[in-house]
Amino acid sequence: YHTAGEEIFAADIVQVSNFETLLGSRVSVDVTAEGVVLNGNVNVTVTDIEASNGVVHVIDAVLLPPPSIADIVIDNENFSILEQAVVAAGLATTLDSSGDFTVFAPTNSAFEALPPEILQAALDDPEGLLTEILSYHVVAGEAFSSDVSQLSSVETLLGSRVSVTATADGIILNDSVLVTTADIIAANGVVHVIDAVLIPPGSITDIVVDNDNFSTLEAAVVAAGLAETLDSEGDFTVFAPTNAAFDLIDPAVLDQLLADPTGALQDILLYHVADGEILKEDLTEQTSVPTNLGPDISVAVDAGNVVLNGNVSVSASPVYAANGIIHVIDAVLLPPDAAETSITDLVASNPDFETLFAALEATGLNETLASEGNFTVFAPTDDAFEKLPRGLLSLLTRFAPRILESILLYHTVDGAIPSSEIVTQDSVSSLLGRNIDVEVTEGGVILNGNVKVITTDIQASNGVIHVIDTVLLPIRLFR
């Protein structure tokens, strides 16, 4: 235990947190103002005495080989509840065996912070729930804090993952559990003390059901009959749109999907599911992901952010489930067939746009907005058209279609401009050649001083629609 299997000089020792000995157990290294300290209390007094076959460092105390993880737990009063749990679950022999393990060890205070009924339920079910909880605290292999801090997650003996975030305050597990003491070296691994008990995650279905931000996704999954699938064993990767993502879909289109749950809706949901667990770091190495529907999702990395199908962003932090992983996304992924829904298609299918669609047909612009290319359309509702002087629209349609076409072109911008970009501009240039003024107020986005944008970012295959409550009129057109 006093001998390393390689030549380690003082300059090397101060660069590491520990080193492995010929016994197989490790010695911890701390660099202090007074010098190098081994295992917390043994000082290196003389360094770098060179020999023909290595190097000698003089120390002021004998290094004692560390006990096993089981012994560390048993000998520490702060782990008495953990000891009770480990013994009850029959894991003491495992944690006393040879093999390397990493254990995230909750203190007594951590266990006492659990709701009493949960702790009692676990203790009453030692071979079931208790074993699952404890297995979720153990990782195969030796992972010191310097290793863990470089990871986004670790896989436990339970099979489920624990997320890892390295912060200025230390290592955080599952977004809320702090590693309070790291790198307690054992003969068969390493122990990290934590301030709360890690609770194993539920299935993908459980997570979706329990998260208010996924209520629309929940309704869709249940309607499509996929809840049982995403609750089953086997690893899945799910790209999960939030409620805000579903809100970007035209309401009439969403209603149509929900009315056909085992058809188009199920296809769209299957396009969000892939077999196997694809971690965030693995996702960045791929150019596409095969889905359970069949067609692939394209993957790109833009300034460090993962983007799917060219315009759907993946959130920074994945959610780990018992049967896979969830990547939260900011828009609904549309399969290739569904993605062919043009601006004209969306307008035609929405009962709030009957007047607009009739005007597009009368001027032939319905074909333009069904073509390839990117457009932004500020779409007036039927109520917006009713604000026009009585008979004006009919008059324009019958006797001045070119003026009607100009009005519609004034509602159309070249390029797909999301609302996040519009709010950064003072104006946007329409296909008519005239600008539309943009003002951001407490009440929302206002165009030309009196036209309110009431719905934003309805995605189409060839652009985006923003719904407005008043028809935009290019005033000079009537002078």
Side-chain angles (χ1 to χ4, degrees), residues 79 81-82 85-86 89 91 101-115 117-119 121-122 129-141 143-184 189-214 230-231 235-240 242 277-283 314-329:
F79 293 144
I81 299 178
L82 177 59
V86 166
L91 296 177
F101 303 99
T102 298
V103 172
F104 297 102
T107 61
N108 291 341
S109 297
F111 276 104
E112 289 165 355
L114 284 175
E117 61 273 16
I118 292 180
L119 179 57
L129 179 59
L130 183 60
T131 297
E132 288 183 8
I133 291 175
L134 293 176
S135 297
Y136 189 58
H137 290 75
V138 183
V139 176
F144 289 87
S145 59
S146 57
D147 305 313
V148 174
S149 62
Q150 301 300 312
L151 303 173
S152 61
S153 67
V154 291
E155 185 173 3
T156 68
L157 292 187
L158 182 62
S160 301
R161 287 186 170 270
V162 173
S163 70
V164 177
T165 307
T167 72
D169 297 324
I171 295 173
I172 307 292
L173 307 178
N174 285 357
D175 298 328
S176 61
V177 178
L178 177 67
V179 175
T180 56
T181 303
D183 300 335
I184 299 175
V190 61
V191 175
H192 305 296
V193 183
I194 56 177
D195 68 351
V197 176
L198 296 166
I199 302 299
S203 68
I204 291 171
T205 295
D206 292 333
I207 291 171
V208 168
V209 169
D210 291 341
N211 191 322
D212 290 341
N213 286 324
F214 292 142
L230 297 179
D231 194 49
D235 285 336
F236 303 98
T237 295
V238 172
F239 299 99
T242 61
E277 192 176 53
I278 306 174
L279 303 180
K280 184 71 173 289
E281 51 266 35
D282 297 330
L283 197 58
V314 178
S315 69
S317 300
V319 180
Y320 299 102
N323 59 342
I325 186 171
I326 296 173
H327 295 290
V328 183
I329 56 177

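Numbers for residues simply follow the sequence, beginning at 1.
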Inset, instruction - Walk me through it: do Ser152 and Glu281 pass the test side chain to side chain donor-acceptor pair (under 3.5 Å)? - result: CA-CA 8 Å; Ser152 61; Glu281 51 266 35; 2.9 Å; yes
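- Here Asn108 contributes atom CG and Phe79 contributes atom CZ; the two are 8.5 Å apart, rounded to the nearest 0.5 Å.
- The salt bridge (charged side-chain N to carboxylate O under 4.0 Å, His left out) search around Glu112 returns none, not counting sequence neighbours.
- In this structure, the side chains of Val190 and Ile184 stay at 4.5 Å or more apart for every pair of heavy atoms.
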Inset, instruction - Could you please spell out the steps behind the side-chain contact (heavy atoms from CB on, under 4.5 Å) verdict for Ser153 and Tyr320? - result: CA-CA 9 Å; Ser153 67; Tyr320 299 102; 3.2 Å; yes
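- In this structure, Leu178 and Ile171 have side chains that are not in contact, with every pair of non-hydrogen atoms separated by 4.5 Å or more.
- The minimum heavy-atom distance between Ile133 and Ala122, with the atom names listed, is CD1-CB, 4.1 Å.
- Going from atom OG of Ser176 over to atom CG of Asp195 covers 8.0 Å, rounded to the nearest 0.5 Å.
- Aromatic ring centres of His192 and Phe104 lie closer together than 6.0 Å.
- Proximity of Ser160 to Pro201: side-chain heavy atoms (C-beta onward) are separated by under 4.5 Å at one or more points.
- With His327 contributing its side chain and Ala240 its backbone, the two residues share no donor-acceptor pair below 3.5 Å.
- Proximity of Leu158 to His137: side-chain heavy atoms (C-beta onward) are nowhere separated by under 4.5 Å.
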Inset, instruction - Please lay out, stage by stage, how Asp175 and Ser163 fare under the test side-chain contact (heavy atoms from CB on, under 4.5 Å). - result: CA-CA 7 Å; Asp175 298 328; Ser163 70; 4.3 Å; yes
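- Counting only heavy atoms from C-beta outward, the side chains of Asp231 and Ile204 never approach each other to under 4.5 Å.
- Atoms CD1 and OG1, on Ile329 and Thr242 in that order, are 8.5 Å from each other to the nearest 0.5 Å.
- Residues that satisfy the salt bridge (charged side-chain N to carboxylate O under 4.0 Å, His left out) test with Glu132, not counting sequence neighbours, are absent from this structure.
- In this structure the side chain of Leu157 never reaches within 4.5 angstrom of the side chain of Val139, judged on heavy atoms.
- The minimum heavy-atom distance between Ala89 and Leu134, with the atom names listed, is CB-CD1, 3.8 Å.
- Nearest heavy atoms, Val328 versus Val319: CG2-CG2, 4.4 Å.
- The two residues Val177 and Leu198 come nearest to each other via the heavy atoms CG2-CD2, 3.8 Å.
- Here the side chains of Leu283 and Thr237 are not in contact, with every heavy-atom distance at 4.5 Å or above.
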Inset, instruction - Take Val162 and Tyr136 through the side-chain contact (heavy atoms from CB on, under 4.5 Å) test and state the conclusion after the steps. - result: CA-CA 8 Å; Val162 173; Tyr136 189 58; 3.5 Å; yes
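- Of the N and O atoms on the side chains of Ser145 and Asp183, at least one donor lies less than 3.5 Å from an acceptor on the other residue.
- With hydrogens and angles disregarded, no donor-acceptor distance shorter than 3.5 Å links the side chain of Asp210 to the backbone of Ile207.
- Asp282 approaches Ile278 most closely through the heavy-atom pair CB-CG2, 4.2 Å.
- The closest side-chain heavy-atom distance from Leu173 to Ile194 is below 4.5 Å.
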Legend entry - Pair Leu279-Arg161, side-chain contact (heavy atoms from CB on, under 4.5 Å): steps then yes or no: CA-CA 10 Å; Leu279 303 180; Arg161 287 186 170 270; 3.6 Å; yes
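- Val138 pairs with exactly one of Leu91, Val103, Thr156 by the side-chain contact (heavy atoms from CB on, under 4.5 Å) rule, that one being Val103.
- Here the shortest heavy-atom pairing between Gly324 and Asp235 reads N-OD1, 3.8 Å.
- Considering OG1 of Thr205 and CZ of Phe214, their distance stands at 12.0 Å, rounded to 0.5 Å.
- For the atom pair CG of Leu82 and OG1 of Thr107, the computed distance is 9.5 Å after rounding to the nearest 0.5 Å.
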